[in-house]
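Side-chain atoms are counted along with the backbone in the values below, which use heavy atoms only and exclude waters and symmetry mates. Predicted model, so just to flag it, every value in this text is computed and none were measured. Residue indices begin at 1 and follow the sequence shown.
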Amino acid sequence: MRVHDEAVVDRRLRELSGRLYGPDRLKADLLTETRHALEDAVEAYREEGLPRAEAERRAVAEFGSDRQLVPEFQAELATGALRGLALRTLLISVVLIAAGDLTWQGSSWSGGPPPPASYLLLSAGLNVIWGVIAALALAALLVGPLTARWGSPRLVRPARLIGFGLTGALALGVTAGGALFGWSVGLWDAALTWPPMIIGATVVSAAWFALVRAARCWVLAERRLTG
């Protein structure tokens with residue numbers, strides 16, 4: 001009988017879990033806090049003399065409905081997802097901006113004919129894109145916590161716009177970066193055998209994979225919030 005009674009709380013938590021999407025660790029923390037709150041309420045009802053089954057039913061019923069709980073929890077998950085995306089983006093953008101030119105220094109083709117003007121323009125444009133990405137990541141880190149703390153509707157829309165702007169800028173960055181890398185290989189065959197270039201391409205690929213995962217997490221969390 002006790003197993004059946006305890007399943008009342010477990011079932012409610014599973015229902016909430018199925019309606020929420022966001023960073024796994026943050027989601028687990030929210031559900032753990034919810035479990036603790038429900039268990040405290042159950043114990044309070046038990047001290048009043050209610051049977052455990054009735055105590056759990058009352059605790060679950062009075063804790064809140066999906067309409068009350070899901071938007072608040074999902075907003076926190078979306079904020080956490082944007083914060084995670086911004087932190088990863090800021091770290092990677094600083095590294096790429098600082099170390100991007102290192103892949104070229106001392107290369108066997110650095111003394112050869114200069115690249116086309118359009119190539120140099122794309123290279124300069126990529127630096128600008130990463131500068132914009134870094135600025136948007138900083139803005140997300142500032143606006144996200146304020147939105148979560150104050151819950152002001154005026155901050156929700158800017159945070160959302162910054163998130164979409166950051167995601168769009170990242171998509172533009174990966175497109176421009178891929179084009180520049182492919183163009184480099186087309187101009188200098190030795191690029192594929194230059195160790196710094198190989199290491200850089202490997203590191204950048206891993207960084208982009210991490211950013212794509214973080215961006216996908218935020219987009220889906222935001223979609224679940226607005227959907």
Side-chain angles (χ1 to χ4, degrees), residues 1-91 136-164 166-167 210-227:
M1 185 67 178
R2 182 179 177 84
V3 174
H4 174 74
D5 292 340
E6 290 178 345
V8 175
V9 171
D10 292 337
R11 183 168 59 250
R12 180 62 179 134
L13 291 172
R14 285 196 299 271
E15 291 172 353
L16 277 176
S17 179
R19 289 170 172 77
L20 300 174
Y21 185 87
D24 292 337
R25 182 175 298 180
L26 179 57
K27 180 177 175 180
D29 289 343
L30 288 175
L31 293 175
T32 298
E33 292 175 4
T34 302
R35 178 181 291 278
H36 291 165
L38 287 172
E39 289 175 349
D40 290 343
V42 170
E43 291 304 317
Y45 282 125
R46 289 281 288 155
E47 291 176 359
E48 294 177 3
L50 290 178
R52 175 167 289 275
E54 180 62 23
E56 291 199 358
R57 281 193 290 270
R58 286 199 182 188
V60 168
E62 294 180 5
F63 190 75
S65 64
D66 283 350
R67 182 175 296 181
Q68 296 169 315
L69 298 176
V70 171
E72 179 181 350
F73 286 0
Q74 188 58 50
E76 188 168 349
L77 288 170
T79 299
L82 180 57
R83 181 171 59 252
L85 172 61
L87 285 172
R88 291 186 184 184
T89 300
L90 188 60
L91 176 61
L136 288 171
L138 281 173
L141 288 177
L142 292 174
V143 174
L146 293 178
T147 303
R149 180 176 180 180
W150 291 335
S152 173
R154 295 180 179 180
L155 294 176
V156 173
R157 182 175 177 82
R160 186 175 299 156
L161 291 176
I162 290 172
F164 281 116
L166 178 56
T167 304
L211 287 177
V212 168
R213 288 190 61 187
R216 178 180 181 275
C217 180
W218 177 77
V219 169
L220 293 179
E222 183 66 27
R223 182 181 298 176
R224 187 71 62 91
L225 176 63
T226 57

Checklist entry - Residues in side-chain contact (heavy atoms from CB on, under 4.5 Å) with Phe164, at least two apart? => result Arg160, Trp218, Glu222
Item to check | Qualifying residues under side-chain hydrogen bond (donor to acceptor under 3.5 Å, both in side chains), relative to Glu43, sequence neighbours excluded | outcome: Arg52
Checklist entry - Looking at Leu82 and Gly163, what are the two nearest heavy atoms and their distance? => result CD1-CA, 3.7 Å
Next on the checklist: Using the side-chain hydrogen bond (donor to acceptor under 3.5 Å, both in side chains) criterion, which residues pair with Asp66? Sequence neighbours excluded.
Outcome noted: Arg12, Arg19
Checklist entry - Side-chain contact, heavy-atom cut-off 4.5 Å: Val219 with Arg216? => result no
Checklist entry - Considering only heavy atoms from C-beta outward, does the side chain of Asp10 approach that of Arg35 to under 4.5 Å? => result yes
Checklist outcome for this item: Separation between CZ (Arg58) and CD (Glu56), nearest 0.5 Å, reads 13.5 Å
Checklist outcome for this item: Residues passing the salt bridge (charged side-chain N to carboxylate O under 4.0 Å, His left out) test with Arg213, sequence neighbours excluded, are none
Item to check | Validation row: Thr167, Leu85 side chains within 4.5 angstrom (heavy atoms) | outcome: yes
Donor-acceptor contacts, no H, no angles, side chain residues 23-31, under 3.5 Å, sequence neighbours left out:
{"residue": "Lys27", "atom": "NZ", "partner": "Ser17", "partner atom": "O", "Å": "2.8"}
{"residue": "Lys27", "atom": "NZ", "partner": "Ser17", "partner atom": "OG", "Å": "3.4"}
{"residue": "Lys27", "atom": "NZ", "partner": "Leu20", "partner atom": "O", "Å": "3.1"}

Checklist entry - Which value, rounded to the nearest 0.5 Å, describes the distance between Arg46 atom CZ and Glu39 atom CD? => result 13.5 Å
Checklist entry - Of all heavy-atom pairs between Ala59 and Val42, which one has the smallest distance, and what is that distance? => result CB-CG2, 3.7 Å
Checklist entry - Is the count of non-hydrogen atoms from other residues, nucleotides or ligands lying under 6.0 Å from Glu72 atom CD greater than 12? => result no
Item to check | Atom of Leu69, atom of Gly64 and distance for their closest heavy-atom approach | outcome: CD1-O, 3.4 Å
Next on the checklist: Once side-chain contact (heavy atoms from CB on, under 4.5 Å) is applied, do any residues pair with Ala221, and if so which ones, sequence neighbours excluded?
Outcome noted: Tyr21, Gln74, Ala78, Ala81
Checklist outcome for this item: Between Ile162 and Leu136 the two heavy atoms that sit nearest each other are CG2-O, 3.6 Å
Item to check | Non-hydrogen atoms of Ala75 and Leu225 that approach each other most closely | outcome: N-CD1, 3.8 Å
Next on the checklist: So which atom in Ala86 and which in Leu166 form the shortest heavy-atom distance, rounded to 0.1 Å?
Outcome noted: CA-CD2, 4.3 Å
